[in-house]
There are 2 protein chains.
Amino acid sequence: MDDDQLDLVFHALASQPRREILAAVRGAPGCNVNFISELFDMSRIGVMKHLAVLEAANLIVSEKVGRERQMYFNPVPIQQIHEMWTDEFTRHFSASLTKLKRIIEQGEDK
Amino acid sequence: MDDDQLDLVFHALASQPRREILAAVRGAPGCNVNFISELFDMSRIGVMKHLAVLEAANLIVSEKVGRERQMYFNPVPIQQIHEMWTDEFTRHFSASLTKLKRIIEQGEDK
DNA sequence: TCTATAAGTAACCAAATGGTTACACATTGA
DNA sequence: TCAATGTGTAACCATTTGGTTACTTATAGA
């Protein structure tokens, strides 16, 4: 996941309405734009703009079926960030262990 | 972590320069504003604005020591989101298991 | 004490964001 | 075929964002 994609994903998640829209899509796989917009106190176009942000971030994927746009939650970006952070915490923990060993060894040298 | 805080954290992370500034602070605990701003091709005030965003999101904490502002990385918000996502993946996995059990039981009923 | 250094504040400005309404186009189903 | 339904585009606008320069205040050290 490159930096541009990270920008898009974090930005998409940086708005409560958008997180709620994402949750709604996740809870109703294959739902359409109207279904989602009825859940929110916002114009349909407003909702569509949020959906566009989520889709640009690859957090949802959609498919035109006739006159409907069916939308699906895509778990991958969040999972990738989660793994990235998991790796980072692990690495940081290892670095702390290495530091601790060094301190202990210095203690034994004296 | 409430929704306002989530907004702040994700927004703070939604900019490559800001992620790089955060990494720089993390790599140099106790560093000052000038140290950070020398690392970037941006005015000091520009960097300060980014630092303010990171601090509002609680991703860094700082402390005025004389004329210096010493800054530290705060790992907590990212860890909290990481846990939140871990919980969610686990719950989702459990829900999938429950669903799978139900399908199997229906298969046995027939 | 005075100069250098570190940070803070204010103002400015272009671009981006996040909403709105109005209108248009495409598909569905009676 | 035509009305209903679903979506898309365009335009608008207020606010926010992300940078800049100019100036000020506070602290450190010679």
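Just so you know, these numbers use all the heavy atoms, side chains as well, and skip hydrogens, waters and symmetry mates. Chain letters run A, B, ... following the sequence lines, proteins first, then strands; residues in each count from 1.
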Name the closest nucleotide to the B/Asn32 side chain, picking from C/dA6, D/dT17, C/dG8. C/dA6

May I have the distance from B/Leu51 (atom CG) to C/dA6 (atom C1'), rounded to whole angstrom? 14 Å

Under a 3.5 Å threshold, yes or no: a donor from one side chain and an acceptor from the other, between A/Glu83 and A/Gln79? no

For a quick test of reading the model: is some side-chain N or O of A/Ser43 closer than 4.0 Å to OP1 or OP2 of C/dG19? no

OP1 or OP2 of C/dG19 under 4.0 Å from side-chain N/O of A/His50: yes

Pick the nucleotide of DNA chain C nearest each of A/Glu68 and A/Met42; which residue has the one closer to the 5' end? A/Met42

Take the protein atom CD1 of B/Ile45 and the nucleotide atom P of D/dT24, then report the distance between them rounded to whole Å. 14 Å

Figure out the NZ/P separation between A/Lys49 and C/dT17, and round it to whole Å. 11 Å

So does B/His11 get a side-chain nitrogen or oxygen closer than 4.0 Å to the phosphate oxygens (OP1/OP2) of C/dG18? no

Do A/Val61 and A/Phe73 share a hydrophobic cluster, counting only Ile, Leu, Val, Met, Phe, Trp and Tyr and linking them when any side-chain heavy atoms are less than 4.5 Å apart? no

Assign A/Gly46 to base, sugar-phosphate, or nothing according to its heavy-atom contacts below 4.0 angstrom with the strands shown. base

Note: B/Glu20-B/Arg26 ion pair, threshold 4.0 Å (strictly below): no

Measure the distance from CE on A/Met48 to P on D/dA11 and round it to the nearest whole Å. 17 Å

May I have the distance from A/Gln70 (atom CD) to C/dT28 (atom P), rounded to whole angstrom? 11 Å

Test item: side-chain donor near acceptor, A/Ser62 and A/Gln70, under 3.5 Å: no

Tell me whether the OP1 or OP2 atom of C/dA7 has a side-chain N or O from B/Asn34 closer than 4.0 Å. yes

Could you tell me the separation between the CE atom of B/Met71 and the P atom of C/dA7, rounded to a whole number of Å? 7 Å

Separation of D/dT16 C1' from B/Asp7 CG (nearest whole Å): 14 Å

In sequence, state the C-alpha distance, the side-chain angles, and the governing distance for B/Phe10 and A/His11, and then conclude on ring-ring contact (aromatic ring centres under 6.0 Å, His included). CA-CA 6 Å; B/Phe10 284 131; A/His11 172 66; over 10 Å; no

If you pin A/Gly66 and B/Phe35 to their nearest nucleotides in DNA chain C, which one's is more 5'? B/Phe35

I want to confirm an ordering. Mapping B/Arg67 and B/Ser15 to their closest nucleotides on DNA chain D, which one lands closer to the 5' end? B/Ser15

Atom-to-atom span, CZ of A/Arg44 to P of D/dG6 - whole angstrom: 10 Å

